[in-house]
Amino acid sequence: LLLLGLPWHVQALGREQGTVASSVVQWLQDRRAEAPFSLAPGIAVAIVSEHGAHVELLMGDGVQSLRDVRTPVTEHTLFEIGSVSKTLIALALATLVDMRVLTWDVRVADILGSSFGFGPDNYVRDHLTLRDLLSHRSGLAEGQGDFLGGLRPSAAAPQLLRHTRLGHGFREVFDYSNTGWTLAGEVLRVAANASSWCAALKTHLLGPLAMHETFCDRNAVSESQDDMVADVHKSSPCDGTEEPTRAFRHANVRNPKLQTFRMTRTGRTGTFAWGAADASGSVLSSASDMSRMMSLLLGAGTSGEQAPLGVPQVVRKGTLKEMMSAQMVVPTSWAAGLGMPGGTNDPRPGVAFAAGLGFDLVGQFPSTSSTTALRGRSYAEKNGDTAMHKARLGLLLDVGIGVMLMSNLGGEVGGQLTALKFGVLALAAGATDQEASDVLEQTMQTTSFWSQHFAPAATCTPCKSVLGDSAICAPGNLSRPPVELDVLAGMFGDEFYGPAVLGLSVQAGSLAAHLGPVHAVLDFGSHHTVIQESCTALARRLPPAVGADISRSTGLCVMVEFRIASEIPAAGISMLNNTIAFPWGCGTVPLPTAMPIYVIVSESKQEAWAWLPTADVIFPRQSQAVDLSTPGSVDTSVFV
C-alpha cells in the first residue's frame, strides 16, 4: 500500500525475482507514486501468460476503502467490471453455440418470438441476428435506450424495443449500444431456458469455471463476501483539491479530494438491482476470477482441445477465435478514444480494428505504437466503466498474454487505468521499463488526458466551481423558480420506457420527484440554470435528440434546473451515511453531487418535458395529474 507505507499484496506464482512479475510490481509501484495514477485508492491486477497455462501475477495495491486503511486490496477484492460483463455474456452464449442450441447468426426473432419488436420497420426486426447485437451494428445509437437496463429487467426489452426509432440504418455503422446487450441477455435467458440471464450465466459459465467470486450484480453478492466489495471513491468540485503532487512526466498537479461511499444493495439477493445495467454491465468480480476467464480466452491460441491451467474448456477454441475476430470495423476515433497507443486505425483488410463478439477492439497494434514489443501484435480488449469502479482487459493473442486491471476510483475518469493497462501489457511482452512508460505517456496523449482531465467543465455548482453532470450553465440568480410549481407537475414518460417513468408533484411548497425507489424533494437555488426564450431557440441549445420535440412547440419556453438532493436513505443514497446505490453508468443519482432534472414548459403550459442528462433521456409529460397508486405509475416494488 504505497501511499500508506505498507506492503503490497502480491501473489507471483512460480516465478523468480527479475522476471515479468517483479518487473511489473516495481514499475507499478513507481507509477502509483505519481499523479494521476496515485488518485485511485486501490487497484487489482491479474496477468496470465503462456496462452492461459500460467498465472503470472495476482496482486492488489492500496486499500478497499479510505474509510478503513487497514483492509488492503487483494486478488479477491470485488469490483464492478462494467461492460466486461458483456464478455461473460458472450462466453455464455458461446456455450450454447457449441451445444447447437443457437448460432451467432440466429435471428433474434426466432429466439424471442412474436412479442419481440425492434423499431417500426419489420424488415429489421425479421433480419436482426445475435451477431448484429454483439458487434454493435443493429442500428441502435450509442446511449439510445441505455436507461432501460437500469429501469426494467432485460425481460422487458423485447416488447419495449418495438417503440424505439433506430438512430442508424441497419448494419450501416458501428455504434456502441448497451441496449443491444440488454437484449442479448434476454436471448441468453430464453435460449438457455433459464429464469434469468444471471441464472443462465451461472449454469453455463460461472459454475463450470469455478468463478465463485463473480456475481451478476450487487444484490447477488453473498453476505459472507460483503466485506470484499470495494468501496466507491468519487470527487466533488466543491470539495477542493489536495496539495500539489508529483506527476508522471508533467508539472505537479493537484488531485481532487475524494469522498468514500459503501456500495449498498438495492434489494434482496436475487431481486432485480434497480439502477444497475442488467446484462450489459452489472457484474462484480475479482482479479482471481478474471484470471480464469483470461485463461479460457487465451487457450484459443493453442493446438488441440486441451484446457489450460485446469480451466474447463467450456467453449471450443474455434468458437473463441470467432469471438475475437473482426465483425464490424470501428472508426478511427473509437480506437483513439479507447487509448490505443498510436491511435490510428490501419484500413487494410485483416489489420483494421473492429468490434468482436464481446470485445471493443480486435486487430493489430498500429505501427505507430511506441514500442516494438506491441507493434503488429494481434490484440483484443474490453473496457468496463461504471460510476463506481473501472475495469480494463487486454489480450495479446499471438503471444498468449492477458492483463486485467480493476480500480475503485469512481466517476467518469478511467484514462489512468487504460494507460496502466497498456504499460503492463508492454512489460509482459518484453518491453523495458522505459518503453512501458513511453507507451503509458503515448496512451495519455492519444486520449488528450492531460488537457481534458484537469480542465474545468462548462457548468455551475453552489461553490461557483465546475461539475460534469450538468448539461447547461446559465444561472438564473433567482431565489425561487420563475413559474408556479403546479405548472411543472405531472407524470412523464414515453412509449419506449412507459407512460409514467418519472413523477413530479408539489409537496409542502416544493417540487418532489418520484423515480423508482426515489421519492425526494428537489433542490432549487440561485446557481441553478433558468432559461426563458423561444422554444425553437431553446431546442438549439440542447442535444439534437433532446431538443427535437421541443423545437416543434411555438411561442416561449421556460427551462428550470432542479436537483435531487443526495440524501435518500430509503433508496440507499446518503451523504450522511456515506452509502451509494444505483450501480450503473453515469449514475442515476451521481453522488457526491446531485442528479439534475431540467423541467421545460411551454408558454401555453399544456406541454412540458423532463430532461435527465445523466440518463441521456427526455420525457414528455403524459398527464398533469399525479397518482402514484395507479397501474402503470412509477414501479417501486422492485426496491426493498
Side-chain angles (χ1 to χ4, degrees), residues 119 136 138-151 161 163-169 172-180 277 331 333-334 337 385 387 411-412 452 455-461 466-476 488 492-497 501-502 513 515 528-554 556-564 584-590 593-602 607-621:
H136 302 282
S138 68
L140 288 166
E142 184 171 8
Q144 187 176 10
D146 278 8
F147 197 38
L148 172 66
L151 195 67
L161 283 168
H163 300 296
T164 194
R165 294 189 177 275
L166 300 179
H168 305 290
E172 283 187 357
V173 297
F174 165 90
D175 205 359
Y176 193 87
S177 173
N178 287 314
T179 302
S333 58
W334 175 253
D385 289 76
E412 300 303 303
Q452 293 183 9
T459 181
C460 314
T461 67
V466 295
L467 185 64
D469 59 13
S470 285
I472 294 178
C473 179
L488 306 177
F492 296 76
D494 58 19
E495 282 188 316
F496 184 55
Y497 291 104
V501 176
L502 170 68
L515 178 67
H528 287 173
T529 290
V530 175
I531 298 176
Q532 303 182 63
E533 60 186 6
S534 73
C535 298
T536 302
L538 177 60
R540 286 197 293 267
R541 292 177 181 257
L542 308 177
V546 172
D549 194 26
I550 298 170
S551 66
R552 291 189 284 269
S553 187
T554 58
L556 295 176
C557 277
V558 178
M559 182 170 76
V560 184
E561 176 191 5
F562 296 88
R563 284 190 172 254
I564 294 180
W584 167 245
C586 298
T588 309
V589 182
T593 55
M595 173 186 176
I597 297 179
Y598 293 82
V599 186
I600 304 158
V601 63
S602 67
E607 295 178 294
W609 301 264
W611 176 30
L612 283 62
T614 56
D616 198 27
V617 292
I618 185 168
F619 296 121
R621 185 167 61 191

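This structure is a prediction, so every number in the text was calculated from the model and none was measured.
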**Q.** Aromatic centroids of H136 and F174 separated by under 6.0 Å
**A.**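 Between F174 and H136, the centre distance is under 6.0 Å.
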
Partners meeting side-chain contact (heavy atoms from CB on, under 4.5 Å) with [X] (sequence neighbours left out):
{"X": "A608", "result": "F492, V601, R621"}
{"X": "P543", "result": "V546, W611"}
{"X": "E533", "result": "I531, A537, L538, R541"}
{"X": "R165", "result": "P120"}

If we only count heavy atoms from C-beta on, is the [X] to [Y] side-chain gap below 4.5 Å?
{"X": "M559", "Y": "I550", "answer": "no"}
{"X": "I618", "Y": "L612", "answer": "no"}
{"X": "T164", "Y": "T179", "answer": "no"}
{"X": "V501", "Y": "V617", "answer": "no"}

Shortest non-hydrogen contact between [X] and [Y], atoms and distance:
{"X": "S553", "Y": "C535", "value": "O-CB, 3.3 Å"}
{"X": "S602", "Y": "W609", "value": "N-CZ3, 4.4 Å"}
{"X": "L502", "Y": "A513", "value": "CD1-CB, 4.3 Å"}
{"X": "Q144", "Y": "G139", "value": "OE1-O, 4.3 Å"}
{"X": "S534", "Y": "L556", "value": "N-CD2, 3.7 Å"}

Q. Residues two or more places apart in sequence or in another chain: which of them pass side chain to side chain donor-acceptor pair (under 3.5 Å) with Y176?
A.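 Side chain to side chain donor-acceptor pair (under 3.5 Å) check on Y176 returns S83, K86, K382.
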
Q. Side chain of H528, backbone of E561: donor and acceptor closer than 3.5 Å?
A. yes

**Q.** D494: partners by salt bridge (Lys or Arg N to Asp or Glu O under 4.0 Å), with sequence neighbours left out
**A.**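 Partners of D494 under the salt bridge (Lys or Arg N to Asp or Glu O under 4.0 Å) test: none.
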
(Q) Walk me through whether Y598 and L542 qualify under side chain to side chain contact (heavy atoms under 4.5 Å, CB included). (A) CA-CA 11 Å; Y598 293 82; L542 308 177; over 6 Å; no

Q: Measure the spacing between CD of E607 and OG1 of T554 and express it to the nearest 0.5 Å.
A: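 One gets 7.5 Å once the value is rounded to the nearest 0.5 Å.
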
Q) Taking it one step at a time, do L166 and L140 satisfy side chain to side chain contact (heavy atoms under 4.5 Å, CB included)? A) CA-CA 5 Å; L166 300 179; L140 288 166; 3.7 Å; yes

